Number of protein chains: 2
Amino acid sequence: MNDLANAPDLVSDSDEPKTLAETAYRQLRRDIIEGVHRPGDKLRVEHLKDQYEVGAGTLREALQLLVTDALVVAQGQRGFRVAPMSLDDFADITRTRVLLETSALQQSIELGDDAWEASVVAAFHMLSRAEDKLADGSKASREEWEMRNRAFHEALIGACPSRWIRHFQNILYHQSERYRRLSLFRQPIPRDVHAEHQAIVDAALARNGAEATRILSEHILRTLEAVRQLPADFIN
Amino acid sequence: MNDLANAPDLVSDSDEPKTLAETAYRQLRRDIIEGVHRPGDKLRVEHLKDQYEVGAGTLREALQLLVTDALVVAQGQRGFRVAPMSLDDFADITRTRVLLETSALQQSIELGDDAWEASVVAAFHMLSRAEDKLADGSKASREEWEMRNRAFHEALIGACPSRWIRHFQNILYHQSERYRRLSLFRQPIPRDVHAEHQAIVDAALARNGAEATRILSEHILRTLEAVRQLPADFIN
DNA sequence: TCAATAACTTTTCTCGAGATTTTTGTCTAT
DNA sequence: ATAGACAAAAATCTCGAGAAAAGTTATTGA
């Protein structure tokens, strides 16, 4: 029996990139999430290898890594494309996220120790500070808010012992990030996100799993509604 | 808005392999699932490229594809390894499978049409025939049973509209296949699997979601118990 | 004018060799 | 005898060029 208690994640994400392929992978991933390469675009190796300053085989590996995240689709013998976006897809992503993330939060609340509580409070504090800065309208802090929002959601489910749920949740979070950028750019702070986060933290620390998962569900689903109210052709 | 109703799967699996890399990928996947390459083994490119008769870069791509399935883990600058196996990991896989597969089955039962019912009945019939042959103890039919068992489980959730749930379920099924082989080789037919399948089909066709998901949960979890009762060192 | 075929261009896929990094083995000094 | 450091070996990672396939344009015949 292997020791799996402190096993590493299924795909390392927090580590520094140690290979050129991984560096190109991260740049490409950011460019796809930010919309530099638009959904459905063809990703030609010959063109991109110059842009990202790596060899053809290396860029190919980077693209393969993006297939794992389902940000790129590969059709045999016909190259790579940026994964398409659609409202149906986002609805699917969101609902699946709710399914996984509520289950993970429930387990976290049941199993989390003092250190977990502390990490949740800390992540919430960091996120709150970022929201303060965001109110000023600084552009650089938007990137920071994204990272801390992600860290907050990860902290919430940090005590969930299931590596698989966390792995899948990680993939879905990347996916939804693409869509969330659409809605947040248009409506800077449309809803009281802070209050929602606060309510989740309160319920979680009170070990009220039912309440915490209920609020989290609504919180996630609200982003779906926000995207639904965008102009119909904006998603393409 | 893109049409996503009949969109292709996230990773094509049923299609024929159109590239050498994909051919090598399938061979490697089978060898890993069947235990030719054991958990934790190092997968040296220089050694394997001769064995699978492809170039180094091509085999590298095949390994990258296996990382997507989490059957292989890649550590930057330190090569590839067969993903380790452990009882904790299998418990995690199984519980996550239950979470996803019951949700998918519930939706299938709610949304499935006549064609879905027919595909379930057909897959169940194929599986039953394979079980008849398996009773004779033929070796070739074991492979067949695996394929049809998989097809049966896929048919059950075939009417679930969530591509993401089906995608994740697909990955987990491959994973659990590695473990299931351990238990089924030792105890040819330890439990009345046929009756369990029959009960699921009956409840599904009766549109009794609660009953169907309950039986499916127990059905999946029973495999976990079977593996738990193996000799402790057998899993390594 | 339109459809089908053929030649051409672009792109993907594949391979082997060279440069870095990790691992292994040996030797020396405390 | 053990620990540390240096050197040799193995493996990984990277690159550019050649082969196969897909996509595009031009030509020919009805």
Side-chain angles (χ1 to χ4, degrees), chain A residues 8 10-13 15-29 31-32 36-68 70-84, chain B residues 8 10-13 15-29 31-32 36-68 70-84:
Chain A
L10 264 51
V11 288
S12 58
D13 196 45
D15 302 334
E16 286 299 303
K18 285 303 171 200
T19 128
L20 275 186
E22 203 164 339
T23 306
Y25 156 69
R26 300 218 179 179
Q27 292 175 3
L28 261 167
R29 186 174 69 181
D31 287 347
I32 288 174
V36 177
H37 305 292
R38 309 213 3 222
D41 275 3
K42 209 149 188 338
L43 295 169
R44 294 181 187 80
V45 177
E46 296 301 312
H47 288 179
L48 267 56
K49 68 173 194 147
D50 303 324
Q51 187 173 343
Y52 292 92
E53 293 175 324
V54 291
T58 304
L59 185 69
R60 211 178 162 65
E61 257 188 47
L63 288 171
Q64 208 64 255
L65 286 171
L66 285 164
V67 172
T68 301
L71 287 169
V72 164
V73 291
Q75 351 181 20
Q77 215 73 290
R78 280 205 269 169
F80 299 88
R81 285 182 173 281
V82 179
Chain B
L10 265 52
V11 289
S12 57
D13 197 44
D15 302 333
E16 286 300 303
K18 285 301 170 201
T19 133
L20 277 186
E22 202 164 339
T23 306
Y25 156 70
R26 302 219 177 178
Q27 292 175 1
L28 262 166
R29 185 174 70 180
D31 286 348
I32 289 174
V36 177
H37 305 293
R38 310 218 353 228
D41 274 3
K42 207 151 189 341
L43 294 169
R44 295 179 186 81
V45 176
E46 296 301 313
H47 200 222
L48 266 56
K49 67 170 193 150
D50 302 325
Q51 186 173 344
Y52 292 91
E53 293 174 324
V54 291
T58 304
L59 185 68
R60 210 176 162 66
E61 255 187 48
L63 287 170
Q64 208 65 255
L65 287 172
L66 286 163
V67 173
T68 301
L71 286 168
V72 164
V73 291
Q75 343 178 25
Q77 216 71 294
R78 281 204 269 170
F80 299 87
R81 285 182 173 281
V82 178

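Quantities reported herein were computed from a predicted structural model and do not represent experimental measurements. So you know, we letter chains A, B, ... as the sequences are listed, proteins then strands, and number each from 1.
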What are the bounds, 5' to 3', of the part of DNA chain C that sits under 4.0 Å from heavy atoms of chain B? C/dT14 to C/dT23
Base, sugar-phosphate, or nothing for B/Gly79, non-hydrogen atoms under 4.0 angstrom? sugar-phosphate
In whole Å, I'd like the distance from the CZ atom of B/Arg44 to the P atom of D/dC13. 13 Å
Please report, rounded to the nearest Å, how far the P atom of D/dA20 is from the NZ atom of B/Lys18. 17 Å
Determine all donor-acceptor pairs shorter than 3.5 Å in which one atom belongs to a side chain in residues 72-82 of chain A; sequence neighbours excluded.
residue, atom, partner, partner atom, Å
A/Arg81, NH1, A/Gly40, O, 2.6

Between A/Thr19 and D/dT12, is there a side-chain N or O to OP1/OP2 distance below 4.0 Å? no
With side chains defined as the heavy atoms from C-beta onward, is the minimum distance between B/Ile32 and B/Asp41 less than 4.5 Å? no
Heavy atoms only, 4.0 Å cut-off, all strands: where does A/Gln77 land among base, sugar-phosphate and nothing? sugar-phosphate
Show the atom names and distances, to 0.1 Å, of all donor-acceptor pairs under 3.5 Å that link a side chain in residues 49-59 of chain A to residues at least two apart or in another chain.
residue, atom, partner, partner atom, Å
A/Tyr52, OH, A/Asp31, OD2, 2.6
A/Tyr52, OH, A/His37, NE2, 2.9

Starting at the 5' end of DNA chain C and moving along, which residue's nearest nucleotide shows up first, B/Lys42 or B/Thr58? B/Thr58
D/dT12 OP1/OP2 closer than 4.0 Å to side-chain N/O of B/Arg60: no
Interatomic distance, CD@B/Glu61 vs CD@B/Gln64, rounded to 0.5 Å, equals 8.5 Å
When rounded to whole Å, the CD to C1' distance for the pair A/Gln75 and D/dG23 reads 13 Å
d(CD, A/Gln64; P, D/dT14) in whole Å: 15 Å
Could you check whether B/Glu22 pairs with B/Lys18 (Lys NZ or Arg NE/NH1/NH2 to Asp/Glu carboxylate O, under 4.0 Å)? no
What's the CD-P distance between A/Glu22 and D/dT12, to the nearest Å? 17 Å
Remember a base hit wins even if backbone is also touched, and classify A/Leu43 as base, sugar-phosphate or nothing at under 4.0 Å, heavy atoms. sugar-phosphate
Any idea which heavy atoms bring B/Ala70 and B/Ala83 closest together, and the distance? O-CB, 3.5 Å
Please work out if A/Ala21 contacts a base, only the sugar-phosphate, or nothing of the nucleic acid, heavy-atom cut-off 4.0 Å. sugar-phosphate
Need to verify one output field. Residue with the more 5' nearest nucleotide on DNA chain D, A/Lys49 or B/Glu46? B/Glu46
Indicate the atoms forming the closest heavy-atom contact of B/Ala21 with B/Ala62, along with that distance. O-CB, 3.6 Å
